[in-house]
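Notes follow the structure.
A note on names: the letters A, B, ... follow the listed sequences, proteins ahead of strands, and every chain is numbered from 1.
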2 protein chains.
Amino acid sequence: MKKPTIVDIAKRASVSVGTASNVMNRRPVVSKALVERVEAAAAELGYNRNTLAASLRSSRTGVIALVVPNIENAFFSEVLQEIENLALDSEKSVMFMTTGEDEARTRRHLQAIISRRVDGLIIVPAFDYQPALAELERYGIPIVVADRISQKNPFPSVSVDHKAAGEMAGRHLLEIGARDVVYFGHSRPDYWILKQRKDGFSAALANQPEQVSVRSFSLSLDVFVGKEQALTALKALDKPPQAIFAASNLASKSVLPALQAKGWSIPGDTRFLAMDDFEALTMMQPGISVISQPSAQIASQAWQKLMHLIDGEEAGENALLQPELIVRGSTPVIAASA
Amino acid sequence: MKKPTIVDIAKRASVSVGTASNVMNRRPVVSKALVERVEAAAAELGYNRNTLAASLRSSRTGVIALVVPNIENAFFSEVLQEIENLALDSEKSVMFMTTGEDEARTRRHLQAIISRRVDGLIIVPAFDYQPALAELERYGIPIVVADRISQKNPFPSVSVDHKAAGEMAGRHLLEIGARDVVYFGHSRPDYWILKQRKDGFSAALANQPEQVSVRSFSLSLDVFVGKEQALTALKALDKPPQAIFAASNLASKSVLPALQAKGWSIPGDTRFLAMDDFEALTMMQPGISVISQPSAQIASQAWQKLMHLIDGEEAGENALLQPELIVRGSTPVIAASA
DNA sequence: CTGTTAGCGCGTTCAA
DNA sequence: TTGAACGCGCTAACAG
């Protein structure tokens with residue numbers, strides 16, 4: 001079956017292709033009568049616009065690329081869902097790609113983004129990404145960086161105040177009365193936000209009237225390895241710390257199983273606070289208290305910024321959203337021991 | 001900065017555009033010397049192929065659409081990740097869309113799929129989808145249906161043997177000695193696979209030497225509503241059943257919290273078996289036993305079928321993959337009571 | 001093996 | 001408002 005083109009529609013409606021094109025693009029320059037005639041003709045012929053041809057001509061594809069490290073992390077899948085909703089509202093489509101925290105893979109994706117003439121990119125980068133993204137700029141493809149910004153991030157960005165998140169965590173543990181805490185994080189010097197969290201956490205616990213003991217451990221980004229590392233760390237302790245802070249999604253997934261293996265219960269033996277919410281934290285018994293990142297807000301603000309950039313406007317100030325403390329059953333107040 | 005076109009490359013390399021095109025498409029008809037010259041020219045000018053133009057001309061976009069009900073469900077996100085991997089290997093891009101189990105939304109997505117001239121579609125449908133998909137066929141867009149097939153599914157499909165899954169569940173509960181079981185499912189007559197699961201479950205428990213009591217409850221697809229319904233159902237029981245089977249991801253998310261609210265422990269008060277694995281089931285204490293669907297296999301077989309269809313070949317027999325029983329701590333054998 | 005050229009379907013002119 | 005002509009960048013087909 002031959003697909004009808006805009007020329008066929010124009011003929012059928014007895015108008016020029018120019019007029020038909022104006023109707024398709026909802027340009028308010030065509031008389032109402034003609035609009036109806038064209039639309040009727042399109043419906044009769046089962047016309048379906050060839051976006052490809054339109055894009056080639058207008059050099060706007062209506063496609064947005066979303067690049068995230070992976071999709072297993074609930075935070076990223078929430079961002080994806082939200083972006084997909086926003087795209088549908090704007091009649092855009094989203095091209096989805098994962099970096100796998102891998103530079104070569106990302107490079108291939110960025111290449112595709114350029115050659116497909118994607119209108120814009122929202123990326124949660126996984127490493128020192130500036131050189132790779134610079135190439136996109138050469139092609140005039142707007143970029144918004146979400147969540148993981150680096151210290152000297154040159155792109156419009158929407159992120160969470162990770163330092164505040166760390167502080168929030170520290171303060172909460174202080175408030176429940178913990179004076180002996182363990183911090184599980186990761187030591188990737190290229191992830192500035194992890195350093196931010198830790199700095200915030202340390203700052204909150206420093207210079208307290210009562211001395212607070214903080215021990216820190218760095219875990220692998222591989223959950224299985226991380227669990228073993230966490231277990232080793234726990235075994236080296238003579239008794240459970242009063243509280244544990246897992247400074248990332250992955251840290252939680254490593255430390256919680258390690259605690260189970262070690263046989264220390266929450267909140268009986270130790271309090272537990274997590275960074276970055278995900279479903280398992282809500283379903284566990286007791287629920288795990290968490291510092292949560294506002295994924296939907298991040299997505300929608302990133303989207304807005306990108307739309308502005310695509311329209312040739314300014315993206316505006318970089319956004320730094322506030323995290324939220326969600327208290328569940330894992331961090332009750334510690335009774336003062338005699 | 002003006003983007004170089006293939007004409008510029010051809011000029012720079014002193015070859016014809018046809019030859020340059022052949023090099024870009026890795027067609028093995030160009031002499032090695034020229035290939036090198038063209039590639040050098042492309043590198044020097046920072047050439048980036050305009051896939052849009054190529055697609056318009058060749059009517060192949062190299063874009064695959066993946067349409068799933070949502071992304072929160074771990075099963076779908078695993079499928080997405082796998083598809084994305086496969087796409088990268090084949091230098092294709094994936095357009096991602098969710099139906100939200102909503103027909104109007106899906107229709108809009110399918111419209112976009114057509115007008116963007118996507119090469120093929122892998123869909124996990126959410127309702128009686130045949131009329132909507134028929135339109136795609138008119139446009140010659142190959143379709144592979146994954147996971148949720150309907151009884152009379154006319155499209156090439158890759159699914160799980162949901163009846164076998166139900167049987168597997170029933171048999172496992174039988175084997176651990178349960179004679180008094182509760183089944184939590186959903187009653188959506190348009191979801192054939194849910195009926196299949198239940199039929200399989202019932203079949204496994206019927207005609208046993210010892211009579212097995214099976215009580216069934218239908219839950220809403222909304223988890224919060226479902227939890228309340230499950231709680232009401234549990235409260236109506238005078239004592240915990242020996243075993244519970246939650247026949248879907250959503251059912252688990254409803255029933256597990258309801259059990260906590262009711263105060264019945266697993267596996268102390270009742271055994272628990274789930275259908276469809278997700279992370280929280282592994283992290284809970286004890287881990288929840290589950291009938292798992294092979295998401296990666298589903299994705300890769302769907303991909304293969306789609307590639308065949310795109311190449312104009314037969315998709316081959318519809319695939320019906322076998323589910324897998326993963327025994328964790330929630331279904332220990334029930335000691336015979338005196 | 002390489003060169004030439006028409007045209008994929010649409011959007012944008014510009015004169016009428 | 002209209003209509004015709006051109007070109008976006010590339011590939012297919014064919015000629016050499």
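Between C:dT2 and B:Ser31, a contact under 4.0 Å exists linking OP1 or OP2 to a side-chain N or O. OP1 or OP2 of C:dG11 sits under 4.0 Å from a side-chain N or O of A:Ser21.
With rounding to whole Å, B:Arg116 atom CZ is found 14 Å from C:dC10 atom P. Rounded to an integer number of Å, the gap from A:Ile6 CD1 to C:dT12 C1' is 12 Å. Whole-Å rounding puts the A:Lys11 NZ to C:dC10 P distance at 12 Å.
Shown here are the salt bridge (Lys or Arg N to Asp or Glu O under 4.0 Å) partners of A:Lys32, two or more places apart in sequence or in another chain: A:Glu36. Qualifying salt bridge (Lys or Arg N to Asp or Glu O under 4.0 Å) partners for B:Glu39, counting only residues two or more places apart in sequence or in other chains: none. Applying the side-chain contact (heavy atoms from CB on, under 4.5 Å) test to A:Glu91 and every residue at least two apart in sequence or in another chain returns A:Arg26, B:Arg108. Remark: B:Asp119 engages B:Arg60, B:Thr61, B:Ile64, B:Ile310 in a side-chain contact (heavy atoms from CB on, under 4.5 Å) (not counting sequence neighbours). Qualifying salt bridge (Lys or Arg N to Asp or Glu O under 4.0 Å) partners for B:Arg12, counting only residues two or more places apart in sequence or in other chains: B:Glu44. Taking A:Ser16 as the reference, A:Thr19 meet the side-chain hydrogen bond (donor to acceptor under 3.5 Å, both in side chains) condition, with sequence neighbours excluded. Residues that satisfy the side-chain contact (heavy atoms from CB on, under 4.5 Å) test with A:Gln297, not counting sequence neighbours, are A:Pro294, A:Gln301, A:Leu321. A:Glu317 meets the side-chain contact (heavy atoms from CB on, under 4.5 Å) test with no other residue; sequence neighbours excluded.
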Set out, line by line, the N/O atom pairs under 3.5 Å between protein and nucleotides 3-7 of chain C.
unit_1: C:dG3; atom_1: OP2; unit_2: B:Ser16; atom_2: N; d: 2.7
unit_1: C:dG3; atom_1: OP2; unit_2: B:Ser16; atom_2: OG; d: 3.3
unit_1: C:dG3; atom_1: OP2; unit_2: B:Thr19; atom_2: OG1; d: 3.2
unit_1: C:dG7; atom_1: N2; unit_2: B:Arg57; atom_2: NH1; d: 3.1
unit_1: C:dG7; atom_1: N3; unit_2: B:Arg57; atom_2: NH1; d: 3.1

Let me check I have this right: for DNA chain C, each base becomes ., (, ), [, ] or |, based on Watson-Crick or G-U pairs with both distances under 3.5 Å. What is the full string? ||||||||||||||||

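A:Arg117 comes within contact range of no nucleotide atom at all, as no heavy-atom separation falls under 4.0 Å. Residue A:Leu56 is classed as a base contact, given a heavy-atom separation below 4.0 Å to a base.
Of the candidates B:Val158, B:Leu66, B:Val94, B:Val145, B:Ile122 forms a side-chain contact (heavy atoms from CB on, under 4.5 Å) with just one, namely B:Leu66.
Sorted by first and then second residue, the salt bridge (Lys or Arg N to Asp or Glu O under 4.0 Å) pairs with a member in residues 67-85 of chain A read A:Glu84-B:Arg105; sequence neighbours excluded.
Contacts between residues 37-53 of chain B and DNA chain D, defined by a heavy-atom separation under 4.0 Å, are made by B:Tyr47, B:Arg49, B:Asn50, B:Ala53.
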